[in-house]
Amino acid sequence: VYADNPNQPYLAYILTKIGNVYKDKGDYNQALNYLNKSFEAYKKVYANNINHIDIATCLNNIGLVYFDKQDFNTALEYYENSYKIKKEIYADNPNEPNLASSLNNIGLVYYKKSDFDKAKDFYKKSYELYNKAYAKNPNHPSIANILNNIGLVYNKEGRYNTALEYFEESYEIKKKIHENNLNHPD
């Protein structure tokens, strides 16, 4: 598809979108096919700068497919590689929400693998970054979501009172988000 003009990032972008649709449809083989083509196209486009957000995002998207396939080890590899690139990209902005999102994804893998200590560590790092990134908007959905994830870990560990604290804090944020928008999809 992109062989005629490998230097157009838009073609790689479209391949990503096609891959994401196949992922959403549950056709993981086709999703990986298109996302890998997208990754190869982006590598050609950004040959002089492999640390590009498009490449990091593509790696994350591939990780999402493996996560949905419940191939958690492979998902973790892609999430970690995406995170490493993002750390380079955002070296001057360590409070970038994109970093927090990656940490959350890594935490999700550890949660699914029942490694609750590691899941909690990554979730808490994500929470700290989200708090810094959204200091002017502490009622951000990402903060509520990560609090919920931390609560899930404590619940799995049988630490119910601590889980309730996190769930209640998440609930309060969600309630504030939705008080003026009852049709919000969240």
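These numbers were taken from a predicted model, which means no experiment stands behind them.
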Discussion item. N105 vs V109, test: side chain to side chain contact (heavy atoms under 4.5 Å, CB included). Steps then yes/no.
Written reply: CA-CA 7 Å; N105 287 349; V109 169; over 6 Å; no
Discussion item. The test is side chain to side chain contact (heavy atoms under 4.5 Å, CB included); show your working for Y130 and N95 and say whether it passes.
Written reply: CA-CA 7 Å; Y130 277 135; N95 298 327; over 6 Å; no
Discussion item. Does I89 form a side chain to side chain contact (heavy atoms under 4.5 Å, CB included) with I85? I'd like the steps, not just the answer.
Written reply: CA-CA 6 Å; I89 293 168; I85 292 171; 3.6 Å; yes
Discussion item. Between K84 and N51, does the side-chain hydrogen bond (donor to acceptor under 3.5 Å, both in side chains) criterion hold? Intermediate values first, please.
Written reply: CA-CA 9 Å; K84 286 175 191 170; N51 288 334; over 6 Å; no
Worksheet item: Are Y79 and S102 close enough, and set up right, to give a side chain to side chain contact (heavy atoms under 4.5 Å, CB included), and what steps lead you there?
Response: CA-CA 7 Å; Y79 289 156; S102 287; over 6 Å; no
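Note: N61 CG to N36 CG = 11.5 Å, rounded to the nearest 0.5 Å. Rounded to the nearest 0.5 Å, atoms CG (N155) and CG (L164) are 8.0 Å apart. Here the straight-line distance linking atom OG1 of T57 with atom CZ of F39 works out to 12.0 Å at 0.5 Å rounding. Separating the CZ atom in F116 from the CG atom in D121 is a distance of 13.5 Å, to the nearest 0.5 Å. Rounding to the nearest 0.5 Å places NE2 of H140 at 7.5 Å from CD1 of I177.
Hydrophobic clustering, with ILVMFWY side chains joined whenever heavy atoms are under 4.5 angstrom apart, keeps Y171 apart from Y160. Hydrophobic clustering of Ile, Leu, Val, Met, Phe, Trp and Tyr side chains at less than 4.5 Å, counting indirect connections, unites V45 with I53.
Of the candidates L35, D27, T74, L35 is the only one forming a side-chain contact (heavy atoms from CB on, under 4.5 Å) with V65. When each of F72, Y28, Y111 is paired with F67, the ring pair (Phe, Tyr, Trp, His ring centres under 6.0 Å) condition holds for F72 and for no other. The side-chain contact (heavy atoms from CB on, under 4.5 Å) with S82 is formed by just one residue from the set N60, N98, I106; it is N60.
Taking all atoms of both residues into account, the shortest heavy-atom contact from P94 to L129 is O-CD2, 2.9 Å. Closest approach of F122 to L103, counting heavy atoms only: CB-O, 3.5 Å. Nearest approach of P141 to K174, heavy atoms of both residues: O-NZ, 4.4 Å. Minimum interatomic distance between L99 and N93 (heavy atoms only, all atoms of both residues): CD1-O, 4.2 Å. Looking at every heavy atom in both residues, I55 comes nearest to I50 through CD1-O, 3.4 Å. The shortest non-hydrogen separation linking P97 to Y134 is CB-OH, 3.3 Å.
Contact annotation: the side chain of K23 never approaches that of Q30 to less than 4.5 Å [non-hydrogen atoms, C-beta and beyond]. Looking only at side-chain heavy atoms (C-beta outward), Y123 and L147 stay at 4.5 Å or farther from each other. Contact check for I143 versus E169: no side-chain heavy atoms found under the 4.5 Å cut-off.
With respect to E172 and K175, a salt bridge is recorded, a charged nitrogen being found less than 4.0 Å from a carboxylate O. Under 4.0 Å is where a charged nitrogen must lie from a carboxylate oxygen, and between K176 and E179 no such pair does.
By the neighbour-count criterion of 12 heavy atoms within 6.0 Å, atom CZ of F167 is densely surrounded, having more than that number from other residues, nucleotides or ligands. Annotation for D24: atom CG counts as buried by contact number, over 12 foreign heavy atoms lying within 6.0 Å. Open room surrounds NZ on K118; 12 or fewer heavy atoms of other groups in view lie less than 6.0 Å from it. Heavy-atom neighbours of Y90 OH from other residues, nucleotides or ligands within 6.0 Å: above the threshold of 12. No more than 12 heavy atoms of other residues, nucleotides or ligands sit less than 6.0 Å from atom NZ of K156.
At least one donor-acceptor pair under 3.5 Å links the side chain of N81 to the backbone N or O of E77. Between the side chain of S38 and the backbone N or O of A12, at least one donor-acceptor pair lies under 3.5 Å.
Taking the six-membered ring where the residue is Trp, the centroids of Y166 and Y154 are separated by under 6.0 Å.
Cation-pi geometry between K86 and Y83 is not satisfied (NZ or CZ under 6.0 Å from the ring centre, within 45° of the ring normal). Taking the centre and axis of the six-membered ring of Y34, the NZ or CZ atom of K37 falls inside the cone set by 45° and 6.0 Å.
Judged as a side-chain contact (heavy atoms from CB on, under 4.5 Å), and not counting sequence neighbours, the contacts of D54 are Y42, Y46, H52.
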